[in-house]
Amino acid sequence: MTAINPVTDLSKEGDVAVITLNSPPVNALSANVRNGLYDAFKEAIADSAVKAIVLICDGRTFIAGADISEFGGAMQGASLFDVQNMMEGSPKPVVAAIHGTALGGGLEVALCAHYRVAVPSARCGLPEVNLGLLPGAGGTQRLPRITGAEKALEMMTSGSHVPAKECLAMGLVDELAPEGKLKETAVAFARKIVAEKKPLVKVRDNDSKLQAAKGHPEIFANFRKANARKFRGFKAPEANIKCVEAAVNQPFEEGLKTERKLFGEVMSSPESAAQRYYFFAERQANKIPDVPDSTATIPVNSVGIIGAGTMGGGIAMNFANAGIPVTIVEVKQDALDRGLKVVRGNYERSAKNGRFTMDEVEKRMALIKGSLDMNDLKDVDMVIEAVFERMDIKKDIFTKLDAICKPGAILATNTSGLNIDEIASVTKRPEYVIGLHFFSPANVMKLLEIVRADHTSKEVINTSMKLAKKIGKIATLVGVCPGFVGNRMLAQRGREAQKMVLEGAMPWDVDRVLYDFGFPMGPFAMSDLAGLDIGWVKEKSHGETIRDVLCEADRRGQKTGAGYYDYDPETRAAKPSPVTEKIIHDFVSKSGKNPRTIGDQEILERCIYPMINEGAKILEEKKAIRPSDVDVVWVNGYGWPVYRGGPMHYGDQVGLDKVLAKMKEFQATMGDAFKPSALLEKLVAEGKKFADMR
Ligand code: T1G
């Protein structure tokens with residue numbers, strides 16, 4: 001065994017050289033790895049005793065791509081292309097041995113080997129599109145030559161990690177090795193290639209799989225059309241599609257040039273900068289400075305849920321999906337039956353859509369038990385309360401749970417903004433009380449705001465963070481304050497959206513600006529979807545707000561076919577409503593105000609900048625650990641477009657000095673709702689960004 005460099009070893013199994021990478025955590029193609037590969041291949045190729053070469057990785061995975069943390073910096077060491085050309089041009093067979101994930105540059109390296117062997121648990125993919133990029137090391141030209149154009153389009157624009165068995169079927173992998181026997185299988189495979197004088201297959205030379213797409217531009221046109229909604233706002237998907245078109249219509253080397261040109265364009269785009277920022281933001285969110293990963297955790301093998309409403313049912317599904325038995329407690333049988341029926345309906349719909357079998361539906365339903373007796377929760381490890389947002393009701397429930405539940409059981413609340421310290425104060429175990437704020441639909445939305453109360457213990461925090469990962473959630477730890485992080489900032493946007501309508505803007509103007517910005521839906525369309533009559537009491541309504549007037553006119557949103565918008569009875573498409581327009585005009589003129597035209601830029605700034613400012617206040621008050629956590633909340637819980645990174649990243653991209661100046665301008669004309677936070681003032685004064693606060 002020769003150590004080529006700190007992360008690369010070269011050894012020999014008889015006449016087969018084995019190059020082993022070991023660069024934790026994911027053998028990313030850092031300068032060290034590229035140098036190691038280059039020198040190791042050079043040595044193995046020059047060694048006359050070597051008849052074949054196997055490339056394998058130690059640790060949890062094969063190469064998971066280029067080292068994203070190197071992007072934006074000056075390129076050091078050997079170039080990836082030199083390594084790839086060395087491999088592909090090798091006069092001796094090169095076999096890539098894949099375990100874990102061969103992703104991005106990692107798969108592109110493997111595609112320069114002459115053969116690939118993988119264990120069944122391995123997965124391969126080109127997920128660069130998730131970073132706002134495209135495969136920039138020949139992957140856009142080599143993958144279609146193996147999978148055909150259509151499969152390559154699907155893989156490169158979805159970023160999917162394809163299981164090894166499917167890769168074998170596609171020809172992306174040549175042989176599967178038994179789990180745990182990858183190296184020996186790859187070495188034997190290499191030896192067989194030599195013995196049988198098998199050809200040194202260069203993927204670049206074989207474009208037979210591309211023939212089917214030649215002269216069929218409709219393949220690309222249809223693909224673009226079918227995904228237009230999904231790709232809206234993103235730059236990278238179109239660049240990936242263009243590369244596959246180049247693979248079909250251009251010779252390999254020309255296609256490579258097209259790839260390099262487009263790679264340069266997306267790499268320098270603000271969208272990719274935002275998506276790369278976001279990649280690390282999500283991983284940072286797991287790290288709690290004063291709660292190290294090694295902090296003890298409490299086993300959670302059974303969960304109780306109070307309330308079988310929309311939230312309770314959705315929350316229960318997350319645990320059943322992870323194989324954790326759940327007991328849902330309700331007060332009335334019909335409410336319980338209704339809740340369990342909704343859960344079964346959700347599962348059956350997933351089975352109908354082919355996500356899993358009806359057996360799986362029964363298996364998951366078997367893990368969800370209903371009860372009308374809170375005492376049935378006496379032995380569970382964790383209880384999550386998901387009832388009506390009233391403090392008195394929550395305090396009553398926590399008082400009872402504190403008496404019923406075993407010592408050491410975690411008592412969590414799904415409140416979306418009430419004071420958790422106050423809830424914890426009615427228990428004798430405030431250190432076991434925590435907020436687990438799920439987002440509706442709770443079985444779908446990825447975000448989980450984990451709310452740390454004054455007495456919540458580190459064990460309970462670490463347990464909750466790890467449990468979030470186990471049930472497939474992206475968690476951020478936040479502090480107790482009204483609305484926590486997400487809803488607190490949402491209120492800023494909501495306030496300004498409502499105010500601008502009272503000043504003359506139409507709801508659909510505000511929604512269009514936020515939709516064009518990248519949100520899936522604007523606040524008024526969202527209200528129509530949720531129902532304008534949530535919390536509205538007919539007897540107490542006297543036309544004091546536009547919403548009152550709309551509800552009094554039985555315009556309660558999509559469910560009544562009209563709200564802020566009119567909804568087409570057939571297609572349910574929303575269209576601006578002359579009725580609402582009249583209601584707003586009458587309401588504004590009755591208030592004595594003169595409606596004015598509000599420009600798109602003002603609409604955007606008045607909706608977004610107060611959110612950024614509120615995010616800064618949240619950081620000032622230490623209700624969030626870092627700016628990127630605020631961004632994780634918004635991207636995962638509130639539809640903030642990931643190609644804009646999140647409100648805090650967007651503030652940095654716009655320039656905090658501009659945000660501050662605009663806030664001050666608005667404050668001068670519209671009052672202290674726009675008062676800049678001290679942190680925003682401080683960062684601008686120091687010429688710093690939120691990104692400098694990490
Ligand atoms: N570069 C740098 N660091 C990386 C990395 C990468 N490619 N991938 C992961 N990490 C770090 C991550 O930040 C974390 O660090 C740790 O590894 C574990 O990651 C030329 C241009 C491989 C499926 O997009 O999808 O190749 O927080 O928590 O859940 O065409 O990581 O512990 O300090 O995510 O087990 C293309 C990105 C790059 C794959 C493992 N590749 N990675 O998931 O662990 S662009 C990707 C992943 C490219 C070429 C182009 C996942 C994973 P820390 P983790 P995990």
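In each ligand, atom 1 is the first atom listed, and ligand 1 is the first ligand listed.
In terms of N/O distances under 3.5 Å, ligand 1 is not approached by Thr101. The shortest N or O to N or O distance between Glu128 and ligand 1 is below 3.5 Å. Polar contact check, Leu133 against ligand 1: no nitrogen or oxygen pair lies under 3.5 Å apart. Between Phe71 and ligand 1, a contact under 3.5 Å exists for no N or O pair. The shortest N/O to N/O separation between Ala64 and ligand 1 falls below 3.5 Å.
Among all non-hydrogen protein atoms, the one lying nearest atom 40 (C) of ligand 1 is Val26 CG1, 4.5 Å. Looking only at protein heavy atoms, the nearest one to atom 49 (C) of ligand 1 is Glu108 OE1, 3.2 Å. Distance from atom 7 (N) of ligand 1 to its nearest protein heavy atom, with residue and atom name: Ala66 O, 2.9 Å. Nearest protein heavy-atom contact of atom 47 (C) of ligand 1 is Phe279 CE1, 4.0 Å. Of the protein's non-hydrogen atoms, the one nearest atom 3 (N) of ligand 1 is Phe280 CE2, 4.2 Å. For atom 1 (N) of ligand 1, the nearest non-hydrogen atom of the protein is Ile68 N, 2.9 Å. Nearest to atom 32 (O) of ligand 1 among the protein's heavy atoms is Lys287 NZ, 3.9 Å. In terms of protein heavy-atom proximity, atom 2 (C) of ligand 1 is closest to Asp67 OD1, 3.3 Å.
Shown in contact with Pro135 at under 4.0 Å from a heavy atom are these atoms of ligand 1, numbered in order with element: 30 (O). Close approach of ligand 1 to Phe263 is summarised as follows: ligand atoms under 4.0 Å from at least one heavy atom of the residue are 21 (C). Those atoms of ligand 1 with a heavy atom of Pro127 less than 4.0 angstrom away are 24 (O), 46 (C). Taking every heavy atom of Pro25 and a limit of under 4.0 angstrom, the matching atoms of ligand 1 come to 11 (C), 16 (C), 17 (O).
A salt bridge is absent between Asp205 and Arg145; no separation between the charged side-chain nitrogens and carboxylate oxygens falls under 4.0 Å.
What you find for Val33 and Ala28 is that their closest heavy atoms are CG2-O, 3.3 Å. Smallest separation of non-hydrogen atoms from Ala190 and Val54: CB-CG2, 4.1 Å. Taking each heavy atom of Thr61 and Thr101 in turn, the nearest pair found is OG1-N, 2.7 Å.
Stacking of Arg116 on the aromatic ring of Phe62 is not recorded, the 6.0 Å distance cut-off and the 45° axial limit not both being met. For Arg260 and Phe81, the positive end sits near the middle of the six-membered ring, less than 6.0 Å away and at most 45° from its axis.
Within the 6.0 Å centre-distance limit, the rings of Phe439 and Tyr638 are counted as a close aromatic pair. For Phe279 and Phe71, the ring centers sit 6.0 Å or farther from each other.
Of the candidates His161, Arg60, Arg283, it is Arg60 that places a heavy atom closest to atom 44 (O) of ligand 1. Of the candidates Ile63, Leu131, Leu103, the one placing a heavy atom closest to atom 24 (O) of ligand 1 is Leu131.
The aromatic rings of Phe223 and Phe231 sit tilted relative to each other, their planes meeting at an angle between 30° and 60°.
Taking a 6.0 Å sphere around NZ of Lys235, one finds it holds 12 or fewer heavy atoms contributed by other residues, nucleotides or ligands.
Within the 4.0 Å cut-off (strictly below), no protein heavy atom is located near atom 52 (C) of ligand 1. Within a 4.0 Å radius of atom 12 (C) of ligand 1, the protein contributes at least one heavy atom.
In summary, the side chains of Asn206 and Ser208 do present a donor paired with an acceptor at a separation below 3.5 Å, with no hydrogens or angles considered. Between the side chains of Asn130 and Tyr278, no donor-acceptor pair of N or O atoms lies under 3.5 Å.
To the nearest 0.5 Å, the span separating NZ on Lys214 from CG on Asp207 amounts to 5.5 Å.
Distances from ligand 1 to the non-hydrogen atoms of Gln284 include no value under 4.0 Å.
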